[in-house]
Number of protein chains: 2
Amino acid sequence: MNYEEAKNKFISTWGSLGTLWGINKAMAQIHALLLISPDPLSMEEIMEELQISRGNTSMNLRQLIDWGIVFKENKMGERKEYFTSEKDVQELSRQIAKERSRRELKPTIKVLKDVSNIKEDGTAKTEELIKQTKALHDMADTLDIMMNKVIGQDHNWITKTLVKLIK
Amino acid sequence: MNYEEAKNKFISTWGSLGTLWGINKAMAQIHALLLISPDPLSMEEIMEELQISRGNTSMNLRQLIDWGIVFKENKMGERKEYFTSEKDVQELSRQIAKERSRRELKPTIKVLKDVSNIKEDGTAKTEELIKQTKALHDMADTLDIMMNKVIGQDHNWITKTLVKLIK
DNA sequence: TTTAATTTTCAATATTTTTTGAAAGTTTGG
DNA sequence: CCAAACTTTCAAAAAATATTGAAAATTAAA
């Protein structure tokens, strides 16, 4: 596999993985491209490389910037904007975990809390609803804490130690 | 919020969460319904409750069974099949983690491994590609181990201890 | 067997999500 | 201020995904 093949394989794989994670293909591919590009790229270059439209590129770049994993850069003497991605995968996973927690976990936790707090009425179905939503609430809460703390903080040693311990 | 409202809220929330996690709405809602139902339900009952077609119900039930989180049951003297879900959320998360690892993480890890193994050619772009895909490979590998070991095994105490430690 | 109950399959349809591209908006050098 | 360079917006089109429903397949009771 040469450079060109490897690059394409990486970009397209990252793109499909993104889809599976609720991130659209263009967004994931732009990210992949910037991640392996040694220098910042302009919008034109991204469009050209990935064969996607200007509008698509613009919207997805903006979203990546919102997520905090892509940054704008300006080259002196140039009017065009250039883009570059967060290169530290630790920081990357932290941002992604944060975003997913905010968009997916937090709202679910709220609903589970509300639902599990309805009052008992002595019926089996109500009891089951409360029991199961409570259990899910605890789980979601634990997962949320882990995502925001374990993955988030800089104590990468916890991860490493843990992995060695259980591998 | 009364029982009926709480139930509907739970089912529809679980349904949208599913979508976000790459599980379709019907599948997630069927699962939610079975999870809070004290007794096994027939296909008719599921269709009726969720207002979905027979085909849809059949296909998604089958997938839930494949995932190992829903089971068939037979009532004596009855021809119809009844369905019930895994009620232990610990076991549930284990099955889901396993399935997601198999379908999402494992193939990605393989590609990252292949891509990061292309040979150096002295150019900056090749160096960057190798460096970043190696880093992602390590991360994906760690995540995979954690999903299959920490969430998977029965040592729930690790989770609990860890959460207390870092909360 | 035969038949009736039940489940599965899958082409057609509907829905949702993504992408396009051209018009509108913004920024900056002259 | 004007005009060129560039970016954003968003309605329409395309693509991807999910759902339907009726025909085919399966199962088991009679």
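Every chain is numbered from 1 and lettered A, B, ... according to where its sequence line falls, protein lines coming before strand lines.
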Review point. Taking atom P of D:dT26 as reference, at what distance in whole Å does atom NZ of B:K72 sit?
Key: 13 Å
Revision key, fill the gap. To the nearest angstrom, the NZ-P distance between B:K80 and D:dA29 comes to 14 Å
Study note, to complete from the structure: The residue, A:E78 or A:G55, whose nearest nucleotide of DNA chain D is more 5′ is A:E78
Practice item. Could you tell me whether the side chain of A:T57 and the main chain of A:S53 form a donor-acceptor pair under 3.5 Å? Key: yes
Point to revise | A:R54 CZ - D:dA5 P separation (whole Å) | key: 13 Å
Check your understanding: Under a 4.0 Å N-O cut-off, is there an ion pair linking B:K110 with B:D114?
Key -> yes
Review point. Taking the nucleotide of DNA chain C with the closest heavy atom to each, which residue, B:E81 or B:T19, is nearer the 5' end?
Key: B:E81
Check your understanding: Should B:K7 and A:E128 count as an ion pair when the cut-off is N to O under 4.0 Å?
Key -> no
Point to revise | Rounded distance in Å - CE (B:M59) to P (D:dA24) | key: 17 Å
Check: residues 62-80 of chain A side-chain donor-acceptor pairs under 3.5 Å, at least two apart:
from, atom 1, to, atom 2, distance (Å)
A:K72, NZ, A:E81, OE2, 3.1
A:E78, OE2, A:Y82, OH, 3.1

Review point. Looking for any heavy atom pair under 4.0 Å, which part of the strands does B:R62 touch: base, sugar-phosphate only, or nothing?
Key: sugar-phosphate
Review point. Which comes earlier along DNA chain D counting from the 5' end, the contact point of A:R79 or that of B:S53, where each point is its nearest nucleotide?
Key: A:R79
Check your understanding: CG of A:N74 versus P of D:dC6: gap in Å, rounded?
Key -> 12 Å
Exercise for review: Using whole Å, report how far CE of B:M27 lies from P of D:dT20.
Suggested key: 17 Å
Point to revise | Polar contact flag, side-chain donor to acceptor under 3.5 angstrom, B:Q95-B:E99 | key: no
Study note, to complete from the structure: Rounded to whole Å, CG of A:D66 lies from P of D:dT8 at a distance of 11 Å
Revision key, fill the gap. Whichever of B:S58 and A:N24 has the more 5' nearest nucleotide on DNA chain C, that residue is B:S58
Review point. Should we say atom CD of A:E5 is surrounded by more than 12 heavy atoms from elsewhere, each under 6.0 Å from it?
Key: yes
Review point. Is there a donor-acceptor contact under 3.5 Å linking the side chains of B:T19 and B:S16?
Key: no
Exercise for review: For D:dA18, take OP1 and OP2 only and decide whether either is under 4.0 Å from a side-chain N or O of B:N56.
Suggested key: no
Point to revise | Euclidean distance, atom CG of residue A:N60 to atom C1' of D:dT7 [Å, nearest integer] | key: 14 Å
Point to revise | Contact interval (first through last nucleotide) of DNA chain C with protein chain B, 4.0 Å heavy-atom | key: C:dA4 to C:dC10
